2 protein chains.
Amino acid sequence: MTTIYDIARAAGVTATTVSNVLSGKGSVSSATRARVMQYAEELNYSPNLVARSLIKGRTGVLGLVFPSIDNPFYAEITAAMERLAYQAGFRIFVSTFSNGDQTGQKMLKDLALRRVDGVIIFSAAISLDIIHAMALPHLPIIYCLEEEMQACPFPALSYNFFQGGQLAGEHLLSLGHRHIGLLTHMTDEGEYCHVARVKGLQAALATYNLELDSRLVKNGISSVEPGKIVGRELLTQPNRPTAVFATNDMMAIGLMAAAWELNIQIPRDLSVIGFDGIAISRFTTPPLTTIKIDIDRLAAEAINLLLHNIENPLSSQTIVLPAQLLAGASTGPLHL
Amino acid sequence: MTTIYDIARAAGVTATTVSNVLSGKGSVSSATRARVMQYAEELNYSPNLVARSLIKGRTGVLGLVFPSIDNPFYAEITAAMERLAYQAGFRIFVSTFSNGDQTGQKMLKDLALRRVDGVIIFSAAISLDIIHAMALPHLPIIYCLEEEMQACPFPALSYNFFQGGQLAGEHLLSLGHRHIGLLTHMTDEGEYCHVARVKGLQAALATYNLELDSRLVKNGISSVEPGKIVGRELLTQPNRPTAVFATNDMMAIGLMAAAWELNIQIPRDLSVIGFDGIAISRFTTPPLTTIKIDIDRLAAEAINLLLHNIENPLSSQTIVLPAQLLAGASTGPLHL
DNA sequence: CTGAAAGCGCTAACAC
DNA sequence: GTGTTAGCGCTTTCAG
């Protein structure tokens, strides 16, 4: 690896001059500039960004922390953010929880050791206290997609999950469904991960003087296979629902797969509504009705916030964007 | 940010001793060890991995270069590799071509500047010459998933795409199909990106004395939306095929969506076979018959090769793994 | 067992 | 215009 010293020696100047030439700073005579450039080329020089990072105190790297890239929802977010970050001259470290023993705290810690310039966190699996502790020595952090945005000691960005759940419920109710099932994700302690979405559904039911029927509530992990397994349970029990709200699209797709195996026609025999609006939801058969989270908007706002936060510490603020109903063909009027 | 000097000053020792304590090297009296540890804790010390990287000449970072993380195939690969890399103490930079102007060469160059310890490349979009040039100053590179593995000047790893295409063709032929369509991905110059898969199909056809009917060949980008658009063209033309080989699963899913809109039943009216075996292909309706690339195997072999290559330059070698038919319900016997 | 000195590759003041 | 000096935070000989 050739260094600026190699070039300096070859060109008969000092390292500073080489640095000045390469960075375009200071003033250098065009003669030496040319000479330096030529040797840089000849010696196939490439700057060592590690050294530059050390001195600048900036690495030009952002950390992304989220549960699993296997879920297209996060894959799409990663794609969008990587693109935007790249345009701003940043690289991305991906850190997912799929790493077995890897706790959120460890992941954050490691990113800090590597001196990333900022971090975007998705997931409730990391407590706000821990994040706060990391953020204190000014590690810029943007916290995304928390279900219920509380007062947050650092900048946060989310969608209105409650409203989304409500939209889903209202949609099914307006189609005449009263026997509504729920496919959702709870923690081991029995709390809903998708708690705000569920509360939104409950609020919608309440306006019809209905309550969530616990026999129609099934719990799985936010992925397609569990969605199918648990969906099958939901569909094979005695008094099965006429419509199901799956709190994310992957579970909804799993549910549709279960329905297909059971020869239950969608939407004739069963309406299904998802949540997220991932790209592939437009291409299932039938196309999924879902609550859309605008991923491009999310990515743009998050990266923007983060880059600002890196420049000068940002006052903690919370942005909550609206969720939207995205009509498909997986929901239809109740048939008696 | 506290440094080892801060600790040294507080503990009344020198930075060397602190370094020794923290790294567990050298020999330090248990008294000073304890003292140093205590101050490290108290001052909330965290080592600067950038500095360590500079001195060690190792960053503990691997670069992953591929076309698009939006395709679940690559998302799954990324997930698997990230997990394995993490276990070996490495972080991952993701670099995708979705970055507009970003050429493969630029991406590689940038990863080199950042002094990644090694790179895994997917995609034919980077010429072997360029990769070779990068690999020369010993940047360990593993080249993955080239359609037709030629003699490669650096370690490479692929699946037998020709055989995969052949399996797909044989499968459809054995079901009685003779009027077989192809949904594939070509470059602007008209070359097939999925050239080996197509050749495999042609080989299978040849054993039945058949040839690829150019009217039944449609070209799109390896994604679900183009698959649907182009699939619709294929299905609405006069003499439509009874079976279609889509050279990746996302296009196959797009094709199935087009069939659904046209009220063409799968597999009764149309057989569809895909390629890749992405997770979601097991949950489409009907589940997709496809040619499976074992992603976990691929990830494990690639990471292994790369880590070995990092330790000591590896002789260039090419591993080609077999592709497998994964039966679904999207293909069935020809109905007349 | 501990410390002094040098250096990884680069940049930033400040002289000259 | 160009060079000198110092230093980012850490590790690594090598003395003592």
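What you are looking at is a predicted structure, and each value in this text was computed from that prediction instead of being measured.
Base contact: A:Thr14 has a heavy atom under 4.0 Å from a base atom. Counting any heavy atom pair closer than 4.0 Å across all strands shown, B:Val50 reaches no nucleic acid atom.
For C:dT2, neither phosphate oxygen OP1 nor OP2 lies less than 4.0 angstrom from any side-chain nitrogen or oxygen of B:Ser27. Phosphate contact (OP1/OP2 of C:dT11, side-chain N/O of A:Ser19, threshold under 4.0 Å): present. Using a 4.0 Å cut-off, some side-chain N or O of B:Lys25 falls inside it from OP1 or OP2 of D:dT12. Proximity of B:Arg52 to the phosphate of D:dG9: no side-chain N or O atom is located under 4.0 Å from OP1 or OP2.
Although no hydrogens or angles enter the test, the distance criterion places no donor-acceptor pair under 3.5 Å between the side chain of B:Tyr45 and the main chain of B:Asp6. At least one donor-acceptor pair under 3.5 Å links the side chain of A:Ser53 to the backbone N or O of A:Leu49. The backbone N or O of A:Leu22 sits nowhere less than 3.5 Å from a side-chain atom of A:Arg33 that would complete a donor-acceptor pair. With hydrogens and angles ignored, the 3.5 Å screen pairs no side-chain donor or acceptor of A:His185 with any backbone N or O of A:Ile221.
Side-chain proximity of B:Pro47 to C:dC10, D:dC10, C:dA12: nearest is D:dC10. Taking only side-chain atoms of A:Ala51, from C-beta outward, the nucleotide of C:dC10, D:dC10, C:dT2 with the closest atom is C:dC10. With D:dG3, C:dT2, C:dG3 as the candidates, the nucleotide lying closest to the side chain of B:Thr32 is C:dT2.
Taking atom CZ of B:Arg114 as the reference point, atom P of C:dC10 lies 15 Å away to the nearest angstrom. Taking atom CZ of A:Arg9 as the reference point, atom P of C:dG9 lies 11 Å away to the nearest angstrom. Note: CG (B:Leu22) to P (D:dT12) measures 13 Å, nearest angstrom. One atom, CZ of A:Arg33, and another, C1' of D:dG1, lie 11 Å apart when rounded to the nearest Å. Atom CZ of B:Arg58 is separated from atom P of C:dG9 by 15 Å (rounded to the nearest Å). As rounded to whole Å, 18 Å separates atom P of C:dG9 from atom NZ of A:Lys56. The CG atom of B:Asn48 sits 13 Å away from the C1' atom of C:dC8 (whole-angstrom rounding). When the P atom of C:dG3 is taken as reference, atom CG of B:Asn20 falls 10 Å away, rounded to whole Å.
Between A:Tyr74 and A:Phe122, the angle of the ring planes goes over 60°, which puts this pair in the perpendicular group of the 30/60° scheme.
Comparing B:Leu54 and B:Gly26 against DNA chain C, the residue whose closest nucleotide sits nearer the 5' end is B:Gly26. Nearer the 5' end of DNA chain D, as judged by each residue's closest nucleotide, is the contact made by A:Gly12, out of B:Ile55 and A:Gly12. Nucleotides of DNA chain C nearest to B:Thr17 and A:Tyr5 differ in position, and the one nearer the 5' end is that of B:Thr17.
Between B:Ser29 and B:Thr32, the side chains place a donor N or O and an acceptor N or O closer than 3.5 Å (distance only, hydrogens not considered).
One N or O donor and one acceptor, one from the side chain of A:Thr16 and one from the base of D:dT4, sit under 3.5 Å apart.
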